[in-house]
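Written out below as structure tokens is the structure these notes cover.
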2 protein chains.
Amino acid sequence: MAQFRAFAPEELKFVSTFKRGELVAEPGSMILAEGAHSAQLFTLLSGWAFRYKMLEDGRRQILNYCLPGDLIGLQGSVIGAMEHSVEALSPAVLCVFQRDRLSELFKNHPGLSFDVTWLASREERMLDENLLSLGRRTALERAAYLVAFLHQRAIAVGSVEGKSLLIPITQQHVADTLGLSIVHTNKTLKKLSDKKLIRWHDRACEVLDALGLMEEAGWSGLLEGTRPLI
Amino acid sequence: MAQFRAFAPEELKFVSTFKRGELVAEPGSMILAEGAHSAQLFTLLSGWAFRYKMLEDGRRQILNYCLPGDLIGLQGSVIGAMEHSVEALSPAVLCVFQRDRLSELFKNHPGLSFDVTWLASREERMLDENLLSLGRRTALERAAYLVAFLHQRAIAVGSVEGKSLLIPITQQHVADTLGLSIVHTNKTLKKLSDKKLIRWHDRACEVLDALGLMEEAGWSGLLEGTRPLI
DNA sequence: CGTCGGTTTGATCTAGTTCAACCGCCGTGG
DNA sequence: CCACGGCGGTTGAACTAGATCAAACCGACG
């Protein structure tokens, strides 16, 4: 696909031996659990997932969403233990890697190593923007930003079939991402609906006006060129 | 120092040629600016700094703090442009690297490449916890968490001279980190002072009871073993 | 046909904001 | 020498964004 960088032949060969198999996850199923010590490393091949953390009393915070091409479980592979969980939002297919061969990747494939670091830096940038959102944006700005952000990411990986896009999340997910209560989230999303920026479906969000959302959020969009895929 | 991993001789040699010079920054001076395209890559050798983003209207969000051993500007070096700024909190000394030789590091020094990725993953973990804080913790929990977190990090790099530690921040920094107003931040910090968990100094925060802070925050602390230093 | 998860709506309450002072300290300029 | 202004911190009063409580709706599904 055009948005991913081209591989060298030996890189392709290594990746195919690095791959151990594929995993199919159902919506709502846990892909990785917080505290898991022997966590696996994955690449999401299709579908949606999300990373989250929880407090003892059940408060949940969604940290970020995973779309096709995203690496899942890198923290666990590099540092040792997972400090967050990952759950599938839609039916998802994952490429499973042999975690213990990551050092081999670093030793023999500098291009791929750089790609891993690139992906980690990209995640960091997304988290930075998210932090700005939670700390300093209003509920309406936050909601508009979140939907515009997911919309752009979905477009970037070609997940938009027809004209419009359905993001497979419930309002509870939105609430737990924005740090708001479910009631207030509902009222905030209604404002976006009233402005004809989105339409809410059964358990999905349709983007009607991406530019309007970005304006509402005061956000100028992601600038991403070609990206690596591992 | 004990907390950093040992280098191989050839790694040490490369790092010394990778190093271009040292930079001394005054408190309040900008180390890297958002939007800078030819951003440099640094390692903080001594002192404190912080990363932040701003909205058009001046709202500021502090994303994380930088302590000795932290890599600064990796996002810019790997992806291309900086999307956040970095400012010194105290007098700081930085090791300046030649950004364009980063690919050489990846090509010839898999151990160091892995270290860079390790540091990026660690930053990601800190951001995750921060996001949880902003989204789901109360003002008092957030403040306690922040102070306990900075305390632990300072101890981990041996920045604590005597018994107690002075974190060189103003209440405005705390407010911009926690996503609160300056007034409410002041009242929240006063509660922590009343509980004898901290003492506020002129433009610094002294930790009196690290365990008490962690309990107040409902946070069990960072678990970090030996770490790389580049 | 009941129940359950997701959504919607109104009423009430509160954590945190905004506004407005004021204090102490320090560096600056007359 | 003193007046000043600015920065960091402190405090009280009024206000509001968002939380909590409560109830109802709706479609899917066993």
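The chains referred to below are lettered A, B, ... by the order of the sequence lines, with proteins before strands, and numbering in each begins at 1.
- Going from atom NZ of B/K191 over to atom P of C/dG16 covers 8 Å, rounded to whole Å.
- Checking D/dG18, D/dG9, C/dG16 against the side-chain heavy atoms of B/Q171 singles out D/dG9 as nearest.
- Comparing A/T170 and B/L180 by the nucleotide of DNA chain C whose heavy atom lies nearest to each, the residue mapping closer to the 5' end is A/T170.
- Between B/K187 and A/I182, it is B/K187 whose nearest contact on DNA chain D lies nearer the 5' terminus.
- Salt-bridge check for B/R136 with A/D57: failed, with every basic side-chain N at 4.0 Å or more from each acidic carboxylate O.
- To the nearest angstrom, P of C/dT17 lies 13 Å from CZ of B/R59.
- Counting to the nearest Å, the P atom of D/dG9 and the CG atom of B/D202 are 7 Å from each other.
- Under the 3.5 Å distance criterion, the side-chain polar atoms of A/K53 are matched with a main-chain donor or acceptor of A/E83.
- The separation between B/Q172 atom CD and D/dG6 atom C1' is 14 Å, rounded to whole Å.
- Cation-pi geometry between A/R153 and A/Y65 is not satisfied (NZ or CZ under 6.0 Å from the ring centre, within 45° of the ring normal).
- A/G28 comes within contact range of no nucleotide atom at all, as no heavy-atom separation falls under 4.0 Å.
- One atom, NE2 of B/H201, and another, P of C/dC25, lie 15 Å apart when rounded to the nearest Å.
- Applying the 4.0 Å criterion to OP1 and OP2 of C/dT8, one finds that A/N186 has a side-chain N or O inside that range.
- Closest to the side chain of A/K190, out of C/dT9, C/dG16, D/dG18, is C/dT9.
- Base engagement by A/S181 is indicated by at least one non-hydrogen atom pair under 4.0 Å involving a base atom.
- Taking CE from B/M82 and CG from B/L74, the interatomic distance works out to 9.5 Å, rounded to the nearest 0.5 Å.
- Nearest to the side chain of A/V183, among D/dG9, C/dT9, C/dT7, sits C/dT9.
- Ranking D/dG9, D/dA19, C/dG16 by closeness to the A/H184 side chain, first place goes to D/dA19.
- We find that A/E215 and A/K195 are not joined by a salt bridge, their nearest charged nitrogen and carboxylate oxygen being 4.0 Å or further apart.
- Here the C1' atom of nucleotide C/dG5 and the CZ atom of A/R203 are 7 Å apart, to the nearest Å.
- Across the protein-nucleic acid pair, B/E141 atom CD and C/dA15 atom P stand 12 Å apart, rounded to whole Å.
- If A/R136 and A/L189 are placed on DNA chain C by their nearest nucleotide, the residue sitting closer to the 5' end is A/L189.
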